[in-house]
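Since the structure is predicted, the reported quantities are computational estimates derived from the model, not experimental observations.
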Amino acid sequence: MSTPREELLKTAIYTGPHKVNSRSDNSNFVPTNSFLNLKKAFIKLKKSKGKIVHILGAPGTGKSANIYRALKETGLETYEVSSTLPSVNTSPSQVFEILITDLKKNTGSKTKKEAYLKLKEYDMVLFADKFHDQHLLQDDLIGFSLWTRNNTFWPLIFYFICIKEYIQFHKEFQNMNLVFQTAWRLQLRGKKYDIFTDLGGLSRILVKLLTYLFCVVEISYSRAETINIIKSHLKDINQKKIDDALHKFGCRPRLILEYLEPP
């Protein structure tokens, strides 16, 4: 019989040898149009403050790989938010308080205002794998994405709490750049969907609305770009196997690589 944690992790995205979680874990990388757009967006942050960037992409497109490669090439001074949750049943207000507690601890601050003031010294404050996917980095931890995947509507309450915080400390936030690896996954009729990429026309409308408010960079690939990425990892792969995998997964290189080269 599966343990409760094993049941939870069945809803998590698999992490294997092709899942990138840091700047150094990214030796085999193929630049794409999406990467160049992301790199341009990051370069602009060197001379600006108060920007909010959302990085979107379907699961398996390699948002993390692109983020960490862009950080490596631009050399931005980055504070990466790191936080873990005690349970997937943690309330939205508790999630926010845990985030603030971890932020104060990691920055050596006594108050959240003091922590916010310290963050302005960085080129960007990044919410990526160390916030979203701690459960993939270490088995006994629970990250934000696992929490959202098991609580359909609580994330909305959490985002309203964050908006209220942004308004209250607007002056402090205007002196920092916030970069989010953004995904919001729903489970409907037993299937998982990312609302920004998997819901057709509705996803395009949501992305358009997000673009009006923030800087948005989408990580997606053409068929040719996807094939180049696959072949950079699997030198002698049969073209028919690639075509079959593309038909099965679409242009999502990490999912294809895990399918063609399972651990």
message: Minimum heavy-atom separation for Ile142 and Val88, please, with both atom names.
response: CD1-N, 4.0 Å
message: I want to know whether Phe144 and Phe158 have ring centres closer than 6.0 Å.
response: yes
- prompt: How many angstroms lie between CG in Leu103 and OG1 in Thr107, if you round to the nearest 0.5 Å?
  reply: 5.0 Å
query: Are Leu117 and Glu172 close enough that some pair of their side-chain heavy atoms sits under 4.5 Å apart?
result: yes
- prompt: Looking only at heavy atoms, what is the nearest atom pair of Glu80 and Asp129, with distance?
  reply: OE2-N, 3.7 Å
message: With salt bridge (charged side-chain N to carboxylate O under 4.0 Å, His left out) as the test, pick out the partner of Asp244 among Lys240, Lys241, Lys248.
response: Lys240
- request: Considering non-hydrogen atoms only, spot the tightest contact between Asp102 and Thr84 and give its length.
  value: OD2-N, 3.6 Å
task: Assess the side chains of Gln181 and Ser64: does a donor N or O sit below 3.5 Å from an acceptor N or O?
output: yes
- request: State, to 0.1 Å, how close Asp194 and Ser203 come at their nearest heavy-atom pair, and which atoms those are.
  value: O-OG, 4.1 Å
statement: Output for pair (Ile230 CD1, Leu246 CG), nearest 0.5 Å, gives 7.0 Å
- request: Using a strict 4.0 Å threshold on nitrogen-to-oxygen distance, state whether Lys112 and Glu165 make a salt bridge.
  value: yes
- prompt: With ring centroids as reference points, do Phe131 and Phe127 lie under 6.0 angstrom apart?
  reply: yes
task: Would you kindly say whether His132 and Ser145 are connected by a side-chain donor-acceptor distance under 3.5 Å?
output: no
- request: May I ask you to decide if Thr74's main-chain N or O and Lys46's side chain share a donor-acceptor pair within less than 3.5 Å?
  value: yes
Heavy-atom pair with the smallest gap, counting every atom of Tyr68 and Ala128: OH-CB, 3.7 Å
query: Rounded to the nearest 0.5 Å, how far apart are CZ of Arg254 and CD of Glu258?
result: 5.0 Å
